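Treat the numbers as computed from the prediction; the structure is a model and nothing was measured. Values below: all heavy atoms of this structure, side chains included; hydrogens, waters and symmetry mates excluded. Residue numbers begin at 1 in each chain, while the letters A, B, ... track the order of the sequences.
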Amino acid sequence: MSESDPILDPLNEKQREAVTHGEGSLLVFAGAGSGKTRTITHRIAHLIRDRGVAPYEILGVTFTNKAAAEMQERARKLVGETNIQPELRTFHSFGVRLLSEEVNALKRERNFSIYDDRDQLAVLKECLKQLKLDPKQIKPRTLAGRINYAKDNLMYPRQYAEEQGKDADEQFYTIYKTYEKILLSNNAFDFGDLILRPVKLLQENETVRNRWQLRFQHLLVDEFQDTNPAQFELAHLLAEKHGNIVAVGDDDQSIYSWRGADISNILNFEKYFPNTKTVRLERNYRSTQPILEAAHAVIKNNSHRKDKKLWTDKSEGRKPEVYAARNDYKEAEYVLETIRLLEKMQGVSPGDCAVFFRVNAQTRVFEEVFTRENMPYVIVSSVGFYERMEIKDLLAYLKILVNPADDHSLSRIINQPSRGIGEKTEAALMEYAAAQEASGLEALPLLLESGQLTGRAHNALSKFYQLYNQLQEYNDQPPLKVIEKVLEKSRYIEKVVEKKDDHTAESRLENIEELKRVAADFGEENPDPPLADFVEEITLLTDMDTTETEATAVNLMTLHAAKGLEFEVVFMAGMEEGLLPHRNSEFDPERKEEERRLCYVGFTRAKKRLYCSWSRKRRLYGTERQNHPSPFLREAGLLDEPSALHGVDSGRRGRAFNQSRKRSKRKMKKKSKKITTASGKSNAGSRAALNYEVGEIIKHPKFGRGKIVAIQGSESSPTASIKFDAVGEKRLALAYAHLEKIS
DNA sequence: CCGTTCTGAGAGGGA
DNA sequence: CTCAGAACGG
C-alpha cells in the first residue's frame, strides 16, 4: 500500500472497520458528527478500488437529493473520474427508476405523472365528490393519512380492509379503491406508490426480482432510522440474495415517525439480517465536550435505544446557557442581542448562528424582531418552493404535455390563468370524457366537434385547445424553452402582474424566474434533456434540497430541518413544556421519546456554543399562555443553578428594545382608500348610480331600507358601504346595485 | 365567471 | 390568529 492513502488514511479505527467490511450485512450506528458521510463514501471508493466491485453494481440510497448529490460528489473525488458512477439516489427516485424500467409489468404508461401530497388531496376530494360523500364529515387530510399509512405498510385496499377487519372500514375501502382508480386513469402514481409498487413487483415477479437482485451487488442505505416498513422491505428484497447491505443510521436521531418511519427497522436490524456485524461510530468531530454532555444527559433517558455515548477530545468549551424570557418577544430579543454580542466580542458572523424551533409558527416573532432591528436572517425551508401555486401551475402545464392522461393537472390549469372555462364547462368536458372513456385532453377535440356546446363555452375551450396544440409543438425542446413558451402563449405572467395585490405578484415572478433558472441548470447538465425527466426531477425535489443555509444571515429553521446541519452557535428557542416536548406527544411515551430525540438533534448541531431559551408567556394559537421550562432542560442539567443567574429576565438585557412594540407593521394591506364623494364625479354620465352622498337613505331591492355610511373605491367603480336596517352593513358597487333614493 | 367578503376549522414536523 | 373554501354580489 502506498504511503499516503486517500481512502483509508483519513479514517479513525471504527470508521475503517466499517469501510473495509467484506461481504455480508453491516450495521453502522453513526452518531451525530461522527463522520457518517465520510464513512459511506470511503466505503464506496474502497469497494471499487480494492475489492473489484464495478461502480454500477453499487446502489446507495438516501432520503434527500442533497445527500445523494453530496455522496456522488465525494465518491467521485475519491475514485477519480470514471464514466460510470455508482447509483446514488433517493428512495423515491430509485422507485421511479425501477418503475419506468419495469413499466411493462405495470398498469401504467411510461410517461406516468407523480402526484405529491397536494395533488393527492385534490384527487381525494374528487373521490368524495364521485362517491357523493361530504368532505366535511370525512376529511381528505385524514384519508390521505390513512392511505399513506396503508402504502407505507405495503397494503393495497383489499389488504388494508382485511388487516383492519370490521365492516366499519367499508367506506374507507371504497374510497381507497376509487382513489386508486383515479390514479390509474390519470396514469399517475403518488409518493407512496413509488416504494410500494416496486416492492410488490419484486415480490410477485421472479424475473424482475432476479434482474434487480443481480444488478446491485452492494447496497448502502443512509439514515436507516428513517425508513418506513415499505422502504425497509425494498432494501431487504434488493439485498436478499447476496446479503451485502450496509445500513447506516442513528436511532437517537429518528424523528420522522409521523411520516411512517419505524425506528425498530434499525433497532431490530440484526434480526432481519442474521450475522450482521455492528460498528458504532462514537467519536464526535463537531461539538465541544460540554455540549455533548448535555446532549447525552438528555438522550440517555430514552428507553428504546442502543446504548452509546459520543465523545470528543475537545474538552474545553462553555456550558450551554439557559435564558428564561418574560415573553416570546423578549426571547427573540435575547437571541438577537446575544448574536450581536458574539459578533462584537468573538467575531462570530450571523451566518454562523442558527435558531431552531419546534413549530413554524415560532418564526414569526423572530422575523418581526430581526426585521425591526436590521438583523439579516433566512428562513431555511419554510413553505416548499415546489408547493407554490405558480410553480405547481407551470408544472401542471408540463405534466399534461408529458402525460396527456393527467386529468388532474389538466383541471389545475384549464382555467389558469382564467380564460372563461368555469366549473360548469369543465364538468361538461370531464363528463363527456368519461362517457368516451377518454382523458379530458383526448375528449376535448371530440367535444368541440360534437356541437353540444354553447357558443361561449365552445369558444373558450377551443382557444384552450389551440393553446395546448401550440405548446405540444415544443414538447421535445429543452425544458427552459417549454416553460418560456408556456408563459408566453398562456399569458400567465400578464395575469400574475394584473392582479397586483401587494407584494405577492412580485414574489410570484421571482419564483417563476427561479424555476426558469432550475430549468436552465437542468438543461446544462443534461445535453438532450427530455421534458419528462425534468418534470420528474422537480416533482421529487424536497424542501431540504431547494433551501440553502445562508453564510451571512442568521439561519432560522425547525428542528426537523436542522438534521444533518451544523453551526458554530445554536439557539434552541421555545424550550418549554408543551412546545418541546410538544403537547400532542404528552400522553404517548413513544412520541415523547421522539421529542427527546428532537432535542438531542438540536443540541448536537452546535459546534462551539449552545443557548437554550424559553418564554414564561407565549402567544400561540391566538391566546397567551403561561409556560414551564422544558423537562429536557432539567435532564440536561441546565436548570440546577439558582434561578437568579439564569432564569430571570434581567431587564438590563432588553435595554434597546423597550420601545413600544408594534405588531401591526406586518403587510400594509390597506389599499389607499380614496374617499370619493358623489360631488367629485365628472364622468358620471354613463353610470346612473353615481350621484349618491354619504348619509343618504336608499332602498335596495333585496335588503330594503339603508343608509349610506361611506363611499369608496376607484372613480370608475365606486362602492358604498350601506347600513341596512334589516341585514346590517354591506358593501355594494354603486354601478350595479339597484338602489333607489327614498329620502 | 370573477372577485370580494364571510365563515369555520385548525394551527406539528415534511418527503 | 390565519388560511382555505363557501357564499354572495355584480
Side-chain angles (χ1 to χ4, degrees), chain A residues 62-67 90-93 95 114 116-118 120-121 125 135-136 139-142 148 152 190-192 194-195 223 226-228 231 255-261 356-362 364 381-384 386-387 389 415 417-426 456-457 460 495 498-499 501 539-547 557-563 574 578-585 591 594-595 597-598 601 619-624 663 666-667 671 689 700-703 713 717 719 721-722 727-739:
Chain A
T62 66
F63 277 86
T64 66
N65 294 281
K66 207 183 201 170
T90 65
F91 268 104
H92 287 100
S93 109
I114 299 163
D116 66 17
D117 62 342
R118 287 194 171 207
Q120 181 182 41
L121 279 183
K125 278 174 197 160
K136 275 178 193 149
K139 296 199 194 88
R141 266 195 101 88
T142 317
N148 292 338
D152 287 348
D190 65 14
F191 272 13
L194 301 183
I195 313 298
E223 307 279 14
D226 290 336
T227 53
N228 64 35
Q231 289 160 334
I255 55 175
Y256 283 105
S257 71
W258 49 272
R259 220 178 56 201
F356 298 157
F357 311 99
R358 180 62 181 85
V359 303
N360 273 319
Q362 283 173 267
R364 210 158 279 220
S381 166
S382 51
V383 181
Y386 66 102
E387 279 185 15
M389 181 165 84
N415 198 35
S418 54
R419 48 174 76 89
I421 304 174
E423 217 176 320
K424 284 233 175 95
T425 313
E426 191 195 327
R456 218 160 82 172
K495 295 289 172 143
E498 233 170 65
K499 43 168 129 177
D501 41 351
T539 313
L540 293 181
L541 272 188
T542 69
D543 287 355
M544 300 301 209
D545 298 320
T546 48
T547 48
M557 70 194 85
T558 63
L559 284 164
H560 284 89
K563 194 165 85 154
L579 202 51
L580 184 69
H582 195 273
R583 55 193 165 93
N584 288 5
S585 314
R591 289 169 76 178
E594 184 149 318
E595 297 292 312
R597 293 194 286 268
L598 271 171
V601 166
R619 183 167 279 277
L620 208 57
Y621 310 136
T623 49
E624 190 149 83
R663 288 177 193 194
R666 203 172 303 144
K667 272 189 239 167
K671 293 167 217 156
H700 184 275
K702 237 192 221 152
F703 304 134
S717 59
T719 63
S721 296
I722 303 171
V727 293
E729 199 168 311
K730 294 246 173 221
R731 208 154 122 181
L732 307 177
L734 284 173
Y736 302 103
H738 301 284
L739 300 181

Of the nucleotides dC1(B), dG14(B), dC2(B), which has the atom closest to the Ser418(A) side chain? dC2(B)
Reported OG-to-CG distance for the pair Ser257(A) and Asn228(A), which is rounded to 0.5 angstrom: 11.5 Å
Is the phosphate of dG13(B), meaning OP1 or OP2, less than 4.0 Å from a side-chain N or O of Asn360(A)? yes
Between P of dA15(B) and CZ of Phe63(A), the distance in whole Å: 12 Å
So CZ of Arg141(A) and CG of Asp117(A): to nearest 0.5 Å the spacing works out to 7.5 Å
Let me know the distance between CZ of Phe357(A) and C1' of dG13(B), rounded to the nearest Å. 14 Å
Is the base of dA15(B) touched by the side chain of Asp117(A) through a donor-acceptor pair closer than 3.5 angstrom? yes
Which residue lies more 5' along DNA chain B, comparing Ile421(A) with Ser585(A) via nearest heavy atoms: Ile421(A)
Lys563(A) NZ to dG13(B) P: how many Å, rounded? 16 Å
Any side-chain N or O of Thr558(A) below 4.0 angstrom from OP1/OP2 of dG14(B)? yes
Taking only N and O in the side chain of Asn415(A), is any of them less than 4.0 Å away from OP1 or OP2 of dC2(B)? yes
From NZ (Lys139(A)) to CG (Leu121(A)), nearest 0.5 Å: 13.0 Å
Under-4.0 Å side-chain N/O to phosphate OP1/OP2 contact, Lys125(A) with dG5(C): yes
Could you please spell out the steps behind the side-chain contact (heavy atoms from CB on, under 4.5 Å) verdict for His92(A) and Ile114(A)? CA-CA 10 Å; His92(A) 287 100; Ile114(A) 299 163; over 6 Å; no
What nucleic acid atoms does Glu426(A) come within less than 4.0 Å of, heavy atoms only: base, sugar-phosphate, or nothing? nothing
Within the structure, does a side-chain N or O atom of Asn65(A) lie under 4.0 Å from either OP1 or OP2 of dA15(B)? no
Of the options dA15(B), dG13(B), dC1(B), whose atoms approach the side-chain atoms of His92(A) most closely? dA15(B)
I want to verify a distance call: between dA9(B), dC2(B), dC1(B), whose nearest atom is closest to the Arg456(A) side chain? dC1(B)
Closest non-hydrogen atom pair between Asp190(A) and Gln120(A), with its separation: OD2-NE2, 3.7 Å
Would you kindly give the CD1-to-P distance between Ile255(A) and dG13(B), to the nearest whole Å? 12 Å
Give the rounded distance in Å between these two atoms: CG of Asn228(A) and P of dG14(B). 18 Å
Gap between atoms CE and C1', on Met389(A) and dC3(C) respectively (whole Å): 14 Å
Between dA9(B) and Lys139(A), is there an OP1 or OP2 to side-chain N/O distance shorter than 4.0 Å? no
Does Leu598(A) or Thr425(A) map to a spot on DNA chain B nearer the 5' end, using the closest nucleotide for each? Thr425(A)
Holding to side chain to side chain contact (heavy atoms under 4.5 Å, CB included), I want the full list of residues that pass it with Arg259(A), two or more places apart in sequence or in another chain. Phe63(A), Tyr256(A)
Nearest-Å distance, CG (Leu540(A)) to P (dA15(B))? 12 Å
Can you tell which of dG13(B), dG5(C), dC3(C) lies closest to the side chain of Arg364(A)? dC3(C)
From CG of Asn148(A) across to C1' of dA15(B) the rounded distance in Å is 10 Å
Under 5.5 Å centre to centre and under 30° between planes: does that hold for Trp258(A) and the six-membered base ring of dG13(B)? yes
